[in-house]
Amino acid sequence: MTAAERMIAASARLLEDNTTVFVGTGMPLLASVLAQRLSAPGLLLIYEGGGVGGRPQGRLPIQVCESLTYRDGVYAGSMDYVMALGQAGMVDYGFLGAAQIDPYGNLNTTVIGPWESPTVRLPGSGGGADVASFAWRTIIVMAQDRRKFTPRLDFMTSPGYLTGPGAREAHGLPAGTGPYRVVTQLGVYGFDPGTLRMELLSAFEGVRVPEDIQAASGFEIPISRQFRREGDPTAEELAAMHALDPAGVVLGG
Amino acid sequence: MGSKVTSMERAVGAVADGMIVALGGNVLHRSPSAAVREIVRQGRRDLKVIKTAGGYDVDLLAQAGAICAVWAGYVGYENEFGLATHYRRAVERGEVEAREHTCYSVITALRAASYGVPYLPMNGLWGSDLLERRPEDFRVVDDPFGQGPVVAVRAIRPDVAIVHVQKADTEGNCAITGTLFEDVLMVSAARLSIVTAEEVVLAGSLDPESVSIPAVLVSHVVHAPGGARPASCHGYYGIDAEAVRALAAAQTAVGR
């Protein structure tokens, strides 16, 4: 069982049927199509490049812009069209990745080091800050370690819960939007409704709780009272995800 | 309208040092790669590029030292191709200014220019460091109609837009198949628009229902089969992975 397989299965399980999801490339895409195949046949995929509703048969689209994103779908639109859909509140789930995350689910995809003279220049927001602003539920999928899970971001690209309860609304972000889950190689995190800080909801088999969780985080992560074990991908989930990515572009060779 | 068909050299000759250049396509799809290579051949300098998500095109311009600033949401290759190495180095060395945006704020800036208004409000970005760091392009203002704060995004009017399409007619009507990205918006926003096309057909032969860009918005038409390579062009070819990797591995220009 690889980390990618676990993260994709856990992400797919989060998506409810008959909702919309704004997808980027890589694991989120594989998770969304997997959910569509197995548990959420009515899930509408909205791709950043403009494709809407594509139901890729055979292999996955490798990038968010290619024509497989609207094949058997509903609309080959434009990027300004799909982003405006998001701005109007039509996106239930948005998937994001990040180089750094803080306890409130704020994300950095811009720079490591100071913005004026970066140590590492990253690709930038892309649609990240947009999705983090307008999706009702943001799901963050990323690798976890002490540097990535940091109490203080080098740059805050995409707003999570900012500084805690009320902060999103005070800044003008729509009430009821924000980070929903964080999926890493160790488990799935949510946000305590009282503090809006990250808490552990489930851990994969073999992960020591709290030792392994805490060792891979630069801030303290409480364990939710609803904590449970996250089941490993089932044979059905594994077969479906490998059928979608036979070349191992996302799953690895 | 007469024929606007010309050579790549003449069309790209309309691009002058220091101009704001909008590039069509997205990451590794329908990028105007051949035109970008011609910009490099003509030795342009100090260009400012605007694009939601740049890939090979922006990285090549950074490698050649042709650009001084980029307004973009994203510059990189996605997936297995990784970071845009030349762009990354140029920004880290301070040679190229990353004018931090998001994909949708780039779209909003272009939309404002295409509407002929100085700025447009957008939902989002609140609380992001982008707002604080980039007051040149973003301001939080009160909604005059009383709905609380809104983010105002300054219009960015490109001097020239360059897009690669599947089919254009000789007068510049363009038929794009597949997703449009923000090409139509870009061409509406720019003062001049250069279209490079896989196929150039006689004026009047395109079905008007298939036309995404009307000729009135286009100043130059160039017949450029393979003009998006190594990026893909829907219906014609896919990504040339080897060529993308070769650019990523190449040396950045030195001694400029």
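The sequence lines fix the lettering, A, B, ..., with proteins before strands; numbering per chain opens at 1.
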Nearest heavy-atom neighbours spanning B/Thr179 and A/Gly50: CG2-C, 3.6 Å

Chain A contact via B/Ala98 - which portion, at a heavy-atom distance below 4.5 Å: both

Max heavy-atom pair count under 4.5 Å with chain B, selected residue of A/Pro118, A/Ala132, A/Gly160: A/Pro118

A/Thr157 (side chain) donor-acceptor with B/Ser128 (main chain) under 3.5 angstrom: no

Nearest heavy atoms of A/Asp80 and B/Tyr104, plus distance in Å: O-CE1, 4.1 Å

Per-residue contact mode, A/Thr119 against chain B (heavy atom under 4.5 angstrom): backbone

Reported CG-to-CG distance for the pair A/Leu173 and B/Asn123, which is rounded to 0.5 angstrom: 9.0 Å

Nearest non-hydrogen partners of B/Ile107 and A/Met83, listed with the distance: CD1-CG, 4.1 Å

Option in B/Gly238, B/Gly94, B/Gly73 with maximal non-hydrogen atom pairs under 4.5 Å from chain A: B/Gly73

Step-by-step side-chain contact (heavy atoms from CB on, under 4.5 Å) determination, B/Glu132 to A/Met156: CA-CA 10 Å; B/Glu132 248 174 66; A/Met156 209 261 274; over 6 Å; no

Region of B/Leu125 that comes under 4.5 Å of a non-hydrogen atom in chain A: both

Under 3.5 Å donor-acceptor, B/Asp129 side chain and A/Phe155 backbone: no

Side chain, backbone, both or neither of A/Val111 within contact of chain B (heavy atoms, under 4.5 Å): neither

Any side-chain heavy-atom pair of A/Ser125 and B/His101 under 4.5 Å: no

B/Thr52, part contacting chain A, at a heavy-atom distance under 4.5 Å: side chain

Chain B contacts, top residue of A/Gly124, A/Pro159, A/Gly172, A/Ser133 (heavy-atom pairs, under 4.5 Å): A/Gly172

Greatest number of heavy atom pairs closer than 4.5 Å to chain B - which of A/Tyr81, A/Trp115, A/Tyr75: A/Trp115

Side-chain heavy atoms of A/Ser78 within contact of B/Glu182, under 4.5 Å: no

B/Glu97, B/Glu92, B/Glu100, B/Glu95 screened by salt bridge (Lys or Arg N to Asp or Glu O under 4.0 Å) with A/Arg121, the one that passes: B/Glu100

Portion of A/Leu162 that has a non-hydrogen atom of chain B nearer than 4.5 angstrom: side chain

Heavy-atom pairs under 4.5 Å with chain B, option from A/Gly77, A/Ala129, A/Ala88 with the top count: A/Gly77

Contact origin within A/Ala84 toward chain B - heavy atom pairs under 4.5 Å: both

side-chain contact (heavy atoms from CB on, under 4.5 Å) between B/Met122 and A/Asp130, worked out: CA-CA 10 Å; B/Met122 70 176 275; A/Asp130 305 315; 3.6 Å; yes

